[in-house]
*Asks:* 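Got a structure for you, questions after.
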Amino acid sequence: MLTEGYKLCDACRRNSNLKGIYILGYYNDEVLKKAIWEFKYNFVKDIGEILALLAAKSLKEKADFNKGTFAAVPLDKKRLAWRGFNQSEILAFALAKNLEGPFLKNALKRVRKTKSQIGLSKKERVENVLEAFKVNGAIPDGKIFLVDDVFTTGSTLEECAKELKKAGAKEVWGVVLAKD
């Protein structure tokens, strides 16, 4: 459960590697849903930069969202080849640029193929991404803003955050366009 300031409630924080999650909006917002769909499935890359700019404008006012490094959730190689780009990487790069923070390209890599998370239960999603990511090089020991497009159960962000923290990140914040 999210509290004011985008931090996780105490009960959730005890079981999470994330310090908090910033969510631009909700996936049931038809305009946001359509924009994400066009970005991901109709390959309209420019929409990603526009969405990141909207998120950055909102985040500029938040004290917790400065002095950190931006990183993206990695995409499966097959999905990357099909789409031609990693939507989370486009978002993370644009957020870093707009918020004047460093962008760490390829901070994480997928080390195990996973199924699409669409249609899976929470338990299946957790199992699907378990040990699917590893850190790819040195990680700054400060704050990492881990960027993805849609948050459903948080399984992917949680698994990535676990690896980033094992590699030395002090805090990992999730940053997503929408909560489903």
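Everything quoted here is computed from the prediction, not taken from an experiment. Below, each value reflects all heavy atoms present in this structure, side chains not excepted, and no hydrogens, waters or symmetry copies.
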*Asks:* Give, for atom CG of Leu18 and atom CH2 of Trp173, the distance between the pair rounded to the nearest 0.5 Å.
*Replies:* 9.5 Å
*Asks:* Do the side chains of Val172 and Lys19 get nearer than 4.5 Å, heavy atoms only?
*Replies:* no
*Asks:* Between CD of Glu30 and CG of Leu32, what distance do you get to the nearest 0.5 Å?
*Replies:* 10.0 Å
*Asks:* Do Lys143 and Lys170 make a side-chain contact, defined as non-hydrogen atoms from C-beta onward lying under 4.5 Å apart?
*Replies:* no
*Asks:* When you group the ILVMFWY residues by side-chain heavy-atom contacts below 4.5 Å and let the links chain together, are Leu95 and Phe85 in the same group?
*Replies:* yes
*Asks:* Is the backbone N or O of Lys77 less than 3.5 Å from a side-chain atom of Arg110, with the two atoms forming a donor-acceptor pair by type?
*Replies:* no
*Asks:* Heavy atoms, side chains only, cut-off 4.5 Å: are Arg125 and Thr156 in contact?
*Replies:* no
*Asks:* Are the charged groups of Lys34 and Glu38 less than 4.0 angstrom apart, N to O?
*Replies:* yes
*Asks:* Is any side-chain heavy atom of Leu75 closer than 4.5 Å to a side-chain heavy atom of Glu89?
*Replies:* no
*Asks:* Would a single hydrophobic cluster contain both Trp37 and Leu54, if residues Ile, Leu, Val, Met, Phe, Trp and Tyr are joined by side-chain heavy-atom contacts under 4.5 Å?
*Replies:* yes
*Asks:* With no hydrogens and no angle check, is any side-chain donor or acceptor of Asn42 less than 3.5 Å from a backbone partner on Val44?
*Replies:* no
*Asks:* Do you know which two heavy atoms are closest between Ala169 and Ile144, and how far apart they sit?
*Replies:* CB-CG1, 3.7 Å
*Asks:* Between Glu127 and Leu120, is a side-chain contact (heavy atoms from CB on, under 4.5 Å) present by the stated rule, with each step listed?
*Replies:* CA-CA 10 Å; Glu127 291 169 358; Leu120 299 180; over 6 Å; no
*Asks:* Lys109 vs Phe133, test: side-chain contact (heavy atoms from CB on, under 4.5 Å). Steps then yes/no.
*Replies:* CA-CA 6 Å; Lys109 63 182 177 182; Phe133 307 99; over 6 Å; no
*Asks:* So how far is it from Asn106 CG to Asn86 CG, rounded to the nearest 0.5 Å?
*Replies:* 9.0 Å
*Asks:* Below 4.5 Å, heavy atoms only, C-beta onward: do Lys33 and Ile36 meet side chain to side chain?
*Replies:* no
*Asks:* Distance check, rounded to the nearest 0.5 Å: Ser155 atom OG versus Leu130 atom CG?
*Replies:* 10.0 Å
*Asks:* Do Val31 and Val176 sit in one hydrophobic cluster, given that two such residues count as connected whenever their side-chain heavy atoms are within less than 4.5 Å of each other, even indirectly?
*Replies:* no
*Asks:* For a quick test of reading the model, state the closest non-hydrogen atom pair linking Leu104 to Pro140 and the distance between them.
*Replies:* CD2-CD, 3.7 Å
*Asks:* Within a strict 4.5 Å, meaning less than it, do heavy atoms of the Val126 and Thr153 side chains meet?
*Replies:* no
*Asks:* Quick one: pull up OG1 in Thr114 and CZ in Arg79 and give me the separation to the nearest 0.5 Å.
*Replies:* 9.5 Å
*Asks:* Can you check whether Phe145 and Phe70 have ring centres sitting under 6.0 Å from each other?
*Replies:* yes
*Asks:* Is any side-chain N of the basic residue among Glu131 and Arg112 closer than 4.0 Å to the acidic one's carboxylate O?
*Replies:* no
*Asks:* Determine whether Asp149 and Leu91 satisfy the following criterion, side-chain contact (heavy atoms from CB on, under 4.5 Å), listing intermediate values before the conclusion.
*Replies:* CA-CA 8 Å; Asp149 52 2; Leu91 294 168; 4.2 Å; yes
*Asks:* Answer yes or no: is there a side-chain heavy-atom contact under 4.5 Å between Leu177 and Val150?
*Replies:* no
*Asks:* Measure the shortest side-chain to side-chain distance between Leu108 and Leu164 over non-hydrogen atoms and say whether it is less than 4.5 angstrom.
*Replies:* yes
*Asks:* Give the C-alpha distance, both sets of side-chain angles, the deciding distance and a yes or no for ring-ring contact (aromatic ring centres under 6.0 Å, His included) between Phe43 and Trp82.
*Replies:* CA-CA 10 Å; Phe43 318 119; Trp82 172 75; 5.2 Å; yes
*Asks:* Do Glu158 side-chain atoms and Asn17 backbone N/O form a donor-acceptor pair below 3.5 Å?
*Replies:* yes
*Asks:* Rounded to the nearest 0.5 Å, what separation is found between the OH atom of Tyr27 and the CG atom of Asp180?
*Replies:* 7.0 Å
*Asks:* To check you understand the geometry: which heavy-atom pair defines the closest contact between Ala178 and Tyr26, and what is its length?
*Replies:* CB-C, 4.1 Å
*Asks:* Salt bridge between Glu49 and Lys45, side-chain N to carboxylate O under 4.0 Å?
*Replies:* no
*Asks:* Under a 3.5 Å distance rule, please check whether Asn136 uses its side chain to pair with a backbone N or O of Ala107 as donor and acceptor.
*Replies:* no
*Asks:* Identify whether Ile50 and Tyr41 are in the same connected component of the hydrophobic contact network (ILVMFWY, side-chain heavy atoms under 4.5 Å).
*Replies:* no
*Asks:* Would you kindly confirm whether Val73 and Leu80 end up in one hydrophobic cluster when ILVMFWY residues are joined by side chain heavy atoms under 4.5 Å apart?
*Replies:* no
*Asks:* Could you give me the CA-CA distance, side-chain angles and deciding distance for Tyr22 and Phe151, then say whether side-chain contact (heavy atoms from CB on, under 4.5 Å) is met?
*Replies:* CA-CA 10 Å; Tyr22 173 77; Phe151 174 96; over 6 Å; no
